[in-house]
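Because only heavy atoms are used, hydrogens play no part in the values below, and waters and symmetry mates are left out as well, while side chains stay in. A quick note: this is a predicted structure, and the numbers were derived from the prediction, not measured.
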Amino acid sequence: MALSTTSRAADLLHGCVGCAPESEGWVRPVRFTTAQLRALGSVRAWHPGLYKRMAACTAGVCLEFETDASHVSVEVAPGAVPRGTVSTLRDVERHSGSAPDPGVVSVEIDDLPPVAVRPDDRHLVEIDLSEPGADPADPVALPGMGRRRRVRVWLPCLTTCAVRDVFFDGGHLGPIAERRTLLVLGDSIAQGFVADQPAATWPALLARRAGLDLVNQGVGGQVFQPGSLWGMEELDPAAIVVELGENYRYEPCAASAIGRDVRAYLSEVASAWPETPTWVLGVPPHTEDVYPTHPRSCFAEVDDIISDAAGRHPSMTLVDASTLLDGDRLGELLADGSDHPGPRGQEMIAGRLYAVMGLVGEKDVEAQPEEREESGRSAERETPEEPEAPKTTGEPAAPAEPETEERAPTAAPRPAAPKSRPKKSERKKHPSSKGRRSRRSRR
């Protein structure tokens, strides 16, 4: 189909901090600042080569626009699949029988469920927006004469990607205004391993449900790395989620050194965004079947280290991440049989986090929450038939719309001290990673 009108894809991007120009008019969305990329590739990083490759992936980045066209073509060119991605996808195939295609994009039209689409051999994602009437004999509206539709194209979260032009047959195609931002800081579980499409990762589901834009800074293999937030201070997020810690179980580590890193990193988060509500997750659930924890790892102490460090900052609420997935269903919910949630697991994490965080966004201002039942230490009654909610400490979360998974969890916060600007934390020297090698880097 010959489409007569063209728009620059770079003008429609959400979820990135900038773009890197490439040849022939292509641009690559960038989700980390230049200073962050230097930190991720520095000697202070545990696995700088892995981090640089994962940071180049376009997790959480999307094109979003409104148009009256009946047909749109978007130029999208996924890059090579990183070796770390390939390794995990092989684990998924062994455990589940098949693995998601890392090069697919997700297309959302209005409020319809997203559809996974693979760019064709011309690097085009074709989007049909025509709306025939209920009667097949009814005429289809001419291009430019139909109602305006909102379209979001999520770029791959497990590969690099470049975009160029958007072609359409209508009279209008314009960008959607930016919203407040959900900032997610994490490892591969945050980056999107291994959802079946980019729109189905738990950060994307959480942001969409809250009506927020997403900046996803999940990096496969990452740990709490002080100094890796440089250049992000100008971002003004509405909420922050920190999901780190699982990767300590794959290699030798000392609790004293990890404690310094965790405290320094969370102090940097609190210093950069002292008034932004921040939810800090403990280590997510996993199994020991495929990759047992290293015998000289301090992993058993990491949850307590995170709890202690998060408790020092009034802006932070600790979430017991072990309750974000049903413990008796991990074989089903972890797509690789080890650490990474599949589609159902992604939905469960997003729904339970949403309930705990009490986020209210543009689409939820009129939503009516169901009756909230308190649990935890301050519980006045118990409901044995309901699953245990993700446990939190810190500032209480507001009531939220129930989770779309079969059962809605309830938050169990404890009251926090009144909000005040925390003291600026002294940044502590990160121990050298010289000689520290992983037997296997999983994320």
Side-chain angles (χ1 to χ4, degrees), residues 9-10 12-20 27-33 36-37 40 51 53-65 74 76 78-79 82 85 100 102-108 114 116 151-163 175-176 178-222 228-229 231-232 235-244 279 281 340-341 343 346-347 349-350 353-354 357 359 361 443:
L12 310 173
L13 287 168
H14 289 234
C16 57
V17 301
C19 290
V27 296
R28 179 171 49 83
V30 178
R31 59 193 178 101
F32 293 88
T33 67
Q36 285 183 291
L37 292 174
L40 292 173
Y51 295 170
R53 290 189 293 271
M54 292 300 173
C57 299
T58 46
V61 180
C62 63
L63 291 83
E64 193 166 0
F65 54 87
V74 184
V76 177
T85 300
V104 300
V105 305
S106 297
V107 176
E108 293 181 16
V151 179
R152 182 153 49 182
V153 180
W154 293 89
L155 302 183
C157 55
L158 303 183
T159 70
T160 61
C161 186
V163 296
I176 298 294
E178 292 185 352
R179 311 171 186 82
R180 295 293 306 282
T181 299
L182 170 67
L183 173 61
V184 176
L185 308 168
D187 51 32
S188 61
I189 295 174
Q191 184 180 328
F193 288 71
V194 279
D196 57 0
Q197 58 174 310
T201 68
W202 65 261
L205 293 170
L206 182 60
R208 184 176 190 257
R209 189 166 180 176
L212 298 171
D213 275 352
L214 172 64
V215 173
N216 186 341
Q217 292 203 332
V219 175
Q222 183 60 297
S228 59
L229 297 174
M232 286 295 290
L235 184 71
D236 182 24
I240 300 171
V241 175
V242 180
E243 179 278 312
L244 290 162
W279 283 265
L281 276 57
H340 298 105
Q346 302 278 347
E347 294 171 4
I349 291 173
L353 265 180
Y354 183 85
M357 295 169 69
L359 293 175
R443 282 178 247 124

Contacts of type side chain to side chain donor-acceptor pair (under 3.5 Å), residue Gln217, not counting sequence neighbours:
Gln36
Checking side-chain contact (heavy atoms from CB on, under 4.5 Å) for the pair Met54/Leu40: CA distance, chi angles, key distance, verdict?
CA-CA 10 Å; Met54 292 300 173; Leu40 292 173; over 6 Å; no
About how many Å separate CG of Leu205 and CG of Leu214, when rounded to the nearest 0.5 Å?
10.0 Å
Are side-chain heavy atoms of Pro156 and Thr58 found at a separation under 4.5 Å?
yes
Can you find a pair of side-chain heavy atoms, one from Thr85 and one from Thr159, that are under 4.5 Å apart?
no
Show me, pair by pair, the donor-acceptor contacts under 3.5 angstrom made by side chains of residues 194-201, not counting sequence neighbours?
unit_1	atom_1	unit_2	atom_2	d
Gln197	OE1	Ser106	OG	2.7
Gln197	OE1	Ala116	N	3.4
Thr201	OG1	Ala204	N	3.3

Which atom of Arg180 lies closest to which atom of Pro237, heavy atoms considered:
NH2-O, 3.2 Å
Met232 and Leu183, any side-chain heavy atoms less than 4.5 Å apart
yes
Spatial distance of atom OG1 (Thr181) from atom NE2 (His14) [nearest 0.5 Å]
10.0 Å
What do the steps show when you test Val27 against Val163 for side-chain contact (heavy atoms from CB on, under 4.5 Å), and what is the final call?
CA-CA 6 Å; Val27 296; Val163 296; 3.8 Å; yes
How long is the gap from CG on Asn216 to SG on Cys57, to the nearest 0.5 Å?
10.5 Å
Is the shortest side-chain heavy-atom distance between Pro114 and Val107 below 4.5 Å?
no
Thr33 versus Gly231, closest heavy-atom pair with distance
CG2-O, 3.4 Å
So which heavy atom on Phe193 is nearest to which on Gln346, and how close?
O-NE2, 3.4 Å
Taking C-beta and beyond as the side chain, do Gln191 and Leu158 meet within less than 4.5 Å on heavy atoms?
yes
Could you state the interatomic distance from CD1 (Ile176) to CG (Leu63), rounded to the nearest 0.5 Å?
12.0 Å
Separation between CG of Leu353 and CH2 of Trp202, rounded to the nearest 0.5 Å:
6.0 Å
Within the 4.5 Å heavy-atom criterion, are Ile240 and Leu185 side-chain neighbours or not?
yes
Note: Phe32 and Leu37 closest approach over all heavy atoms is CB-CD2, 3.7 Å
Closest contact, heavy atoms only, Trp279 versus Ala239:
CZ3-CB, 4.0 Å
Taking all atoms of both residues into account, what is the closest heavy-atom pair of Leu182 and Pro203, and its distance?
CD2-O, 4.1 Å
Could you grab the distance from atom CD1 of Ile189 to atom CG of Leu244, nearest 0.5 Å is fine?
9.5 Å
